[in-house]
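Values below: all heavy atoms of this structure, side chains included; hydrogens, waters and symmetry mates excluded. Just so we're on the same page: letters track the sequence lines, and every chain starts at 1. Here the structure is a predicted model, which means the values were calculated and not measured.
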Amino acid sequence: MAKRTKIKDLLNSSDFGKQVSVMGWVRTFRNNQFIALNDGSTINNIQAVVDFNALDESLLKRITTGAAVSIQGEVVESLGKGQKIEIKVNKIEILGDSDAEKFPLQPKKHSLEFLREIAHLRFRTNTFNAVFKIRHALAFAVHKFFNDKGFVYMHTPIITASDAEGAGEMFRVSTFDPDHIPRNEDGSVNYKEDFFGKATNLTVSGQLEGELAAMAFGDIYTFGPTFRAENSNTTRHLAEFWMIEPEMAFYDLTDNMDLAEELLKYVIRYAIEHCADELEFLKNRLLEEDKQKPQAERSEFDLLTKLNFCLENDFERITYTEAISILRNSKPNQKKQFKYLIEGWGSDLQSEHERYLVEKHFKKPVILTDYPADIKSFYMRMNEPDAEGRTTVRAMDILFPGIGEIVGGSQREERLEKLEKRMTEMHIPAEEMSWYLDTRRFGSAPHAGFGLGFERLVLFVTGMTNIRDVIPFPRTPKNAEF
RNA sequence: UCCUAAGUAGCUCAGCUGGUUAGAGCAUCUGACUGUUAAUCAGAGGGUCCCUGGUUCGAGCCCAGGCUUGGGAGCCA
């Protein structure tokens, strides 16, 4: 087994006459002669040619779509037109049969909805081979980026006792028998008898713990799974997703934006440089899909042009107040085409507004900063009130075309009194958060950080449109298969 | 959670105004062919019409409820 040649290496070589051993899964078997073999090392197949006259008929019948085979043969120049190199088969062994009547993947296009139902087998398609190779490359690039900058990869807890992170509904973690939950005399649940002796949940963010580490290591990042029990049914939300959360001491909001923009450009460039075949395949797939759509819905640029455009241009940085002004004077607002018209300062932007700014007005990624304090989290640093007495916080959201919010971050409130005041106003129990407030009590320092939704990044780079297709086994409301 | 569209063969879909035995392409199987590239040609098999109930002489089609999926919104990353 150890001597097998990977198909990726074989296709890049031209060792005609060399005897090789390859193993993989049959994609198609045409004409009783031509096996298109894929071993996952590349999106491309190698063609293996068998002499059906020399082969036992019972063996021939076992060469079916999906079967795992081991082939030994000679590397030859292909006589056919579709490929330069192929293998003339000397010996073929079936490692694992695949019943052609039952194997659900056919050598033809399948809908993404159907493939989602067979997520355990969709890895064997070109599309998902490309998507998950790119996912891997992006994950690796994230680690490389931070490591090269001297950031420490910090593992924040997945099970948390804190329910004050304020990022959404949480999944309960408990070993209680649901039919016999211990209760106190007043009828409330007696968590003292639960596994951890208190109520615990799956984390919705590693940020608060990340801040603790940043106040010692300076620069840290987390990259791990995150859980939100929100009943969100969209193409951009998962109940279980992966998030990258850097946290940096001695960073202000501008430093924070600079880092986020540099990170995004770095990982996109990494994917372009390391996943050329996969991106080319996905680009062409999207072009094919676009042909089925009416002119108005087709994308302006192909996938690679879109990615390169993103690298070549600075993200547009504007404040919330400037954005409101642009939106208020925009055509769709004047002509009352927005579902939610922009009237005053203070309300949150709807996705139609974000899309207008990114896709119509600036036509590139946009960083929105300095949102009204009322619509943002307690830990964001308060600005001085403006001339009109309005208070904003040092928040920043990065909006991407087609994705919406891909990054959300802020400079953190490092001043203890201001933070405590804000927590009281927002009904956050300060007693339970004492460990967090200690960072402000002992050597507090300006710091900032952000959260990058990893699946949203993968969506953008692959050009896929549903987040369920960029994570191997998506968890969404009413769905936890496999 | 709300709005909206859909659910018919393994897949993608037709199915008329409610009317006999529910169709096509691809896939599969059988045979032919043998340098194919979504191979080709001939033939065959394959159905809980999402579920439950109702209306009707009669329901894939109409009605009610439910389930699931797609798209959009909200919440967010």
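For B:C11, the base has a donor-acceptor partner in the side chain of A:Lys108 [N/O atoms by modelled type, under 3.5 angstrom]. You won't find any donor-acceptor pair under 3.5 Å spanning the side chain of A:Arg236 and the base of B:A77, going by distance alone. With hydrogens and angles ignored, a donor-acceptor pair under 3.5 angstrom links the side chain of A:His237 to the base of B:C76. No hydrogens or angles were tested; on distance alone, a donor-acceptor pair under 3.5 Å links the side chain of A:Glu86 to the base of B:G35. The base of B:G72 lies outside donor-acceptor range of the side chain of A:Thr234, with no N or O pair under 3.5 Å. The base of B:U37 lies outside donor-acceptor range of the side chain of A:Asn31, with no N or O pair under 3.5 Å. Residue-to-nucleotide contacts include no donor-acceptor pair under 3.5 Å from the side chain of A:Ser232 to the base of B:C76. No N or O donor and acceptor, one from the side chain of A:Gln350 and one from the base of B:G74, sit under 3.5 Å apart. Taking only distance into account, the side chain of A:Glu117 never meets the base of B:U68 through a donor-acceptor pair shorter than 3.5 Å.
With salt bridges taken as basic N to acidic carboxylate O contacts below 4.0 Å, one links A:Arg135 and A:Glu455.
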A:Phe29/A:Phe52 under ring-ring contact (aromatic ring centres under 6.0 Å, His included): CA gap, chis, key distance, verdict: CA-CA 12 Å; A:Phe29 183 38; A:Phe52 57 88; 9.2 Å; no

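The aromatic ring of A:Phe241 stacks onto the base of B:A77, its centre lying under 5.5 Å from the centre of the six-membered base ring with the two planes under 30° apart.
Judged by Watson-Crick or G-U wobble contacts below 3.5 Å, the nucleotide B:A44 has B:U28 as its partner.
Base engagement by A:Gly80 is indicated by at least one non-hydrogen atom pair under 4.0 Å involving a base atom.
Using bins of under 30°, 30° to 60° and over 60° for the plane-to-plane angle, the ring pair A:Phe338/A:Tyr356 lands in the perpendicular bin.
Mapped onto RNA chain B by nearest heavy atom, A:Lys81 and A:Thr65 fall at different nucleotides, with A:Thr65 at the one closer to the 5' end.
Counting only heavy atoms from C-beta on, A:Phe52 has its side chain closest to B:U34 among B:C11, B:U34, B:C76.
Because its NZ or CZ atom is not both nearer than 6.0 Å to the ring centre of A:Phe128 and within 45° of the ring axis, A:Lys133 does not count as a cation-pi partner of that residue.
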